[in-house]
Amino acid sequence: MEELKDKAFALVGINSDQTPEVAKQAVAANNLNWRSFQNKPAGQEHAISDHWFIQGWPTIVVLDPDMTIRYRGHDGAEAIKVAKERLALVQ
């Protein structure tokens, strides 16, 4: 992430923890330095994973500036490669 910090790039996480407290503990324990959203916050009818058709954790999705999905899967190295390729095209 350090390598991409000055690029037009954002990383967000969707956590499947049962409570915000458990999610906060995971963020602290793993030194996560990006925004993380609760998959299904209290009061919401549908989970984010339902809208995004997520069937397993973790799933990585790379979007371009037009919100087109360029990668969806579980391979972090491949996701980084796709993100870097997309960033090279945007500049």
Side-chain angles (χ1 to χ4, degrees):
M1 292 311 308
E2 187 67 23
E3 182 180 351
L4 300 175
K5 73 177 182 177
D6 296 325
K7 305 290 185 188
F9 176 82
L11 175 66
V12 296
I14 308 300
N15 70 71
S16 61
D17 297 305
Q18 295 300 311
T19 66
E21 293 75 26
V22 172
K24 288 176 186 176
Q25 291 171 0
V27 167
N30 295 290
N31 284 333
L32 304 181
N33 61 355
W34 53 82
R35 290 181 184 214
S36 184
F37 298 93
Q38 187 72 23
N39 184 42
K40 187 176 179 191
Q44 294 297 312
E45 186 175 340
H46 298 286
I48 295 169
S49 59
D50 294 339
H51 289 287
W52 282 71
F53 306 105
I54 303 299
Q55 298 188 8
W57 301 92
T59 295
I60 302 164
V61 180
V62 176
L63 303 172
D64 69 12
D66 296 320
M67 301 303 285
T68 300
I69 295 173
R70 299 298 180 169
Y71 174 82
R72 177 194 296 267
H74 307 284
D75 184 338
E78 183 63 21
I80 291 169
K81 176 182 168 208
V82 170
K84 286 180 179 180
E85 288 169 355
R86 299 310 306 168
L87 286 169
L89 294 173
V90 171
Q91 297 177 3

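By the criterion of side-chain heavy atoms lying less than 4.5 angstrom apart, applied directly or through intervening Ile, Leu, Val, Met, Phe, Trp or Tyr residues, Leu87 is not grouped with Val12; the two fall into different hydrophobic clusters. A single hydrophobic cluster is not seen to contain both Val62 and Met67; linkage of ILVMFWY side chains at heavy-atom distances under 4.5 Å, directly or through other members, places them apart. Side-chain heavy atoms closer than 4.5 Å link hydrophobic residues (I, L, V, M, F, W, Y) into clusters, and following such links, even through other members, never connects Ile14 to Trp34.
The two atoms that bring Ala23 and Gln38 nearest to each other are CB-OE1, 4.2 Å, heavy atoms only. Considering all non-hydrogen atoms of both residues, His74 and Pro58 come closest at ND1-O, 2.6 Å.
Contacts of Asn30 classified as side chain to side chain contact (heavy atoms under 4.5 Å, CB included), with partners at least two apart in sequence or in another chain: Ala26, Leu32. Remark: Val22 pairs with Asp17, Thr19 by the side chain to side chain contact (heavy atoms under 4.5 Å, CB included) rule, at least two apart or across chains. Listed by chain and residue number, Asp64, Thr68 satisfy the side chain to side chain contact (heavy atoms under 4.5 Å, CB included) test with Asp66 (two or more places apart in sequence, or in another chain).
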Enumerate, atom names and distances included, each donor-acceptor pair closer than 3.5 Å involving a side-chain atom of residues 76-85, sequence neighbours excluded.
residue	atom	partner	partner atom	Å
Lys84	NZ	Glu3	OE1	3.1
Lys84	NZ	Glu3	OE2	3.0

Show which side-chain atoms of residues 44-51 pair as donor or acceptor with protein atoms under 3.5 Å away, not counting sequence neighbours.
residue	atom	partner	partner atom	Å
Ser49	OG	Asn39	OD1	3.3
Ser49	OG	Asn39	ND2	3.0
Asp50	OD2	Ala47	N	3.3

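Residue Phe53 is found outside any hydrophobic cluster, as its side-chain heavy atoms come under 4.5 Å of no other Ile, Leu, Val, Met, Phe, Trp or Tyr.
Listed by first and then second residue, the salt bridge (charged side-chain N to carboxylate O under 4.0 Å, His left out) pairs that reach into residues 18-41 come to none, sequence neighbours excluded. Applying the side chain to side chain donor-acceptor pair (under 3.5 Å) definition to pairs two or more places apart or across chains, none involves residues 52-61.
Residue Leu63 holds its CG atom at 10.0 Å from CZ of Arg70, rounded to the nearest 0.5 Å.
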